[in-house]
*Asks:* 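Mind looking over this structure? Questions follow.
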Amino acid sequence: MTTTEAPRALPPTSPTRVTATRRRRWASRRNRRDYLVFLAFAAPNLLLIALFTYRPLFSNIYYSTLNWTLGAPVATPVGLGNYVEFFTSPRTQGVLVTTAVFTVATVGGSMVLGLLVALALNKRVQGVGFARASVFSPFVLSGVGVGLVWLFIFDPVVGVLGYLLRLVGASSPQWFNDPTLSLVMVIIVFIWKNLGYAAVIYLAGLQSIDRDLLEAASIDGANARRTFFSIVLPLLSPTTFFLLVTSILNSLQAFDILRIMNPLGRGTTTLIYEAYLQAFGGSNRAGYSATVSTVLFGLLVLLTVFQLVVLERRVHYR
Amino acid sequence: MPDRIPNALTLAALDRRRFLGLAGALGTAAALAACGGPSTSGGGGAEAPTDETDWSTITPAKEITFWSSNPGSSQAVTQQLIDAFHAAQSDIKVTLVTAGANYEEIAQKFQAAQAGGDLPDVIVFSDVWWFRYKMLDSIIPLDGLVEAVGIEKDDYREGLWADYTYDDAQWAIPWARSTPLFYWNKAHWAAAGLPDRAPETWAEFTEWAPRLQAAGLGTQRAFQHPALAGYAGWSFQNVLWGWGGGWSAQESFDITCNSPESVAAIQFLQDSVYKDAWAGVASSDSVNDLTAGAASATIASTGSLVGILKAATFEVGAGPLPGGPEETSPVCPTGGAGVGIPKDIAPENQLAAATFVKFLTSPENTVTFSQATGYMPVRKSADTAAIVAAAPQVQVALDQLEVTRTQDYARVFLPGADQEMAKTCANILTSQADVQAELDALKTTLETIYTRDVEPNL
């Protein structure tokens, strides 16, 4: 509980009191003006965010309590029935496992490979600018385009990969027909697309490390391995933390590549793809799909809070 | 600067003003959330035209939109037909909208438009989609409009017309209609010493397949099953019927996909891949595998005919589907798409839409469309001589049309059943799952869909 000290009483005509009153009025007018300026700049954005982010969010939560077939004008309220079905359905376990495998593999893969690529790109050698642009370019490509190109590469019959394998006497794996391989396939493509993002962020982190520290380590006799694990990696922890948060959110929301490369979702149905399949995959269960989306939203919030509260403590800021 | 930033969500900070503000925000959010979307109090939507609608008192709209997924790469020929419609009359202008790359995508867009508005006036929908639109009350029965604009329903091929008849009402007009065909590489057939025809039965092809495999043709397998992610439920109707089974009993919702006959049929398919190993399963499109020379034969839609003939560097054979041990005819399902008219648009637009549909499916225009795509001419009076002259393989499709069978209710009337069938077939044909167990599980799924999504709406 907080207490405030009562202001000392002054005579009404005291010059000090008049000055204080004028100052308060001036401050009040300035506060009001600042508030109006704030409103003028922030209100349009707040309105747009309310309309296009929070309204759909709350609508989705509302729809998740309905038994609603997409396109039908009428729906039946079912309370938490869709949630009960989701958490008791045997299908859900597979979806959650696929989501976990996909997320861990793509986040881990893109971050580890991104760091290795960043270390390579941190050298001052000829052509490094071109190499950096090449590594980053897949990230700015459309996921649909990337999916279509890799579809051709992986096709066991007419694809480039199958052709190369046949040249050395091997046969192409059934990337599209084997659910496990389908998951591996989309993980490879997703990592390839997002590798450049992690690499560029790590590169920026590497270039911000104070050279004096590295030189000091060298003078102290630390070898490259020791320098990397004891100095470089801890100093990259803010970068790693940032990438972890953004990459997890990105992976949990991955859709385009999954949709293009494996439309039936056999072996590659993550939470977000399950939401799509339920609404648009045939049965058009928009209410149940909204339930899956709401669960995904809750999961994203929990993960983000966990990362901010728990993992950030292990981050070393200089 | 304060040492400690006050936390707006702590109890101490939640004074009356903030509490009221928060409550107001949540209330507004809840109110916003409840705006739009479906009604939970029954009713909704506009009044559909009834049999008593007097169309003669309605003036057709001047402009309408036609949503198509351009089946069989038909965008150019559809625009050509629209241009011809504009040349033939000046009252109605039609705008072609590509509303998806396939039947599923156009269906998604149409269903989203049901909630968000901006509906088309004419829409293409496949055999597995129209019934759910009928159940959702999204489309109108066309009988009154057929009468009003003078569509000669007796001139449409009976089987194709009947595919869209339910409850004594007509829900679509046949347009891009197809059947599956057996396609083969004639050079491979000759190299293996096989007669220049399609196999009459699957038993016969089982004898031929080893000869194709042994002929050193450079193929990966003699036969390529169509990609399962597409339309496995449709492609495998032939084998199911041939073995005396089916996804469901004829013209019934009685699910029979796990009957001994159905299990034997699907077991045959699994054996073709694993035990006998003369067949593969396409990853994306079996037509590409055939034209690339990776397989000697496949089954694909008549809608693929023109594409196959263009892409193949060898002579392509096309024949009727093989029969099975129990049935040799009819074992061929119809398929493809029709055109329909949404309910929640103005009667003027519905009338204009029906006028356009009449033109689109006229005997001359169905021939033009068939020549460009390979889809079936839907009118009995259509002069098919020119189509057959350009591609003699079309005659097979026309002959086969006489012995087609309406697809099983379980595939075309149960929402999402097609996807479930595809997944089951994928488990069986690409993961060697137990046939009986998979089909038992499929039956449970299909019955759940019927009980949950169909029975209450019948």
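What you are looking at is a predicted structure, and each value in this text was computed from that prediction instead of being measured. So that the names make sense, note that chain A is the first sequence line, chain B the second, and so on, each numbered from 1. What's counted below: heavy atoms across the whole structure, side chains too, no hydrogens, waters or symmetry copies.
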*Asks:* Under 4.5 Å heavy-atom distance to chain B, tell me which part of Tyr276(A) shows up: side chain, backbone, both or neither.
*Replies:* side chain
*Asks:* Against chain A, label Gln108(B) side chain, backbone, both or neither, depending on which of its atoms sit under 4.5 Å from a heavy atom there.
*Replies:* both
*Asks:* Pick one: which of Trp247(B), Tyr133(B), Trp129(B), Phe131(B) meets ring-ring contact (aromatic ring centres under 6.0 Å, His included) with Phe413(B)?
*Replies:* Phe131(B)
*Asks:* Select, from Gln220(B), Glu420(B), Met135(B), Gln224(B), the one with the greatest count of heavy-atom pairs under 4.5 Å involving chain A.
*Replies:* Gln220(B)
*Asks:* Please state whether the side chain, the backbone, both or neither of Leu57(A) comes within less than 4.5 Å of a heavy atom of chain B.
*Replies:* neither
*Asks:* Is Ser283(B) close to chain A through its backbone or its side chain, or both, or neither, when contacts mean heavy atoms under 4.5 Å?
*Replies:* both
*Asks:* Give a yes or no on whether Tyr83(A) atom OH has more than 12 heavy-atom contacts from other residues, nucleotides or ligands under 6.0 Å away.
*Replies:* yes
*Asks:* Among Leu136(B), Ile449(B), Val128(B), whose side-chain contact (heavy atoms from CB on, under 4.5 Å) with Pro415(B) holds?
*Replies:* Ile449(B)
*Asks:* Please say which of Tyr273(A), Phe280(A), Phe102(A), Phe190(A) ends up in a ring-ring contact (aromatic ring centres under 6.0 Å, His included) with Phe255(A).
*Replies:* Tyr273(A)
*Asks:* Around atom CG of Asp118(B), are there more than 12 heavy atoms from other residues, nucleotides or ligands closer than 6.0 Å?
*Replies:* no
*Asks:* Heavy-atom distances under 4.5 Å only: say whether Val158(A) touches chain B with side chain, backbone, both or neither.
*Replies:* side chain
*Asks:* Any carboxylate oxygen within less than 4.0 angstrom of a Lys/Arg side-chain nitrogen, looking at Asp453(B) and Arg285(A)?
*Replies:* no
*Asks:* So which part of Ala113(B) gets closer than 4.5 Å to some heavy atom of chain A, the side chain, the backbone, both or neither?
*Replies:* neither
*Asks:* Pro263(A), Pro56(A), Pro156(A): which one forms the most heavy-atom pairs within less than 4.5 Å of chain B?
*Replies:* Pro156(A)
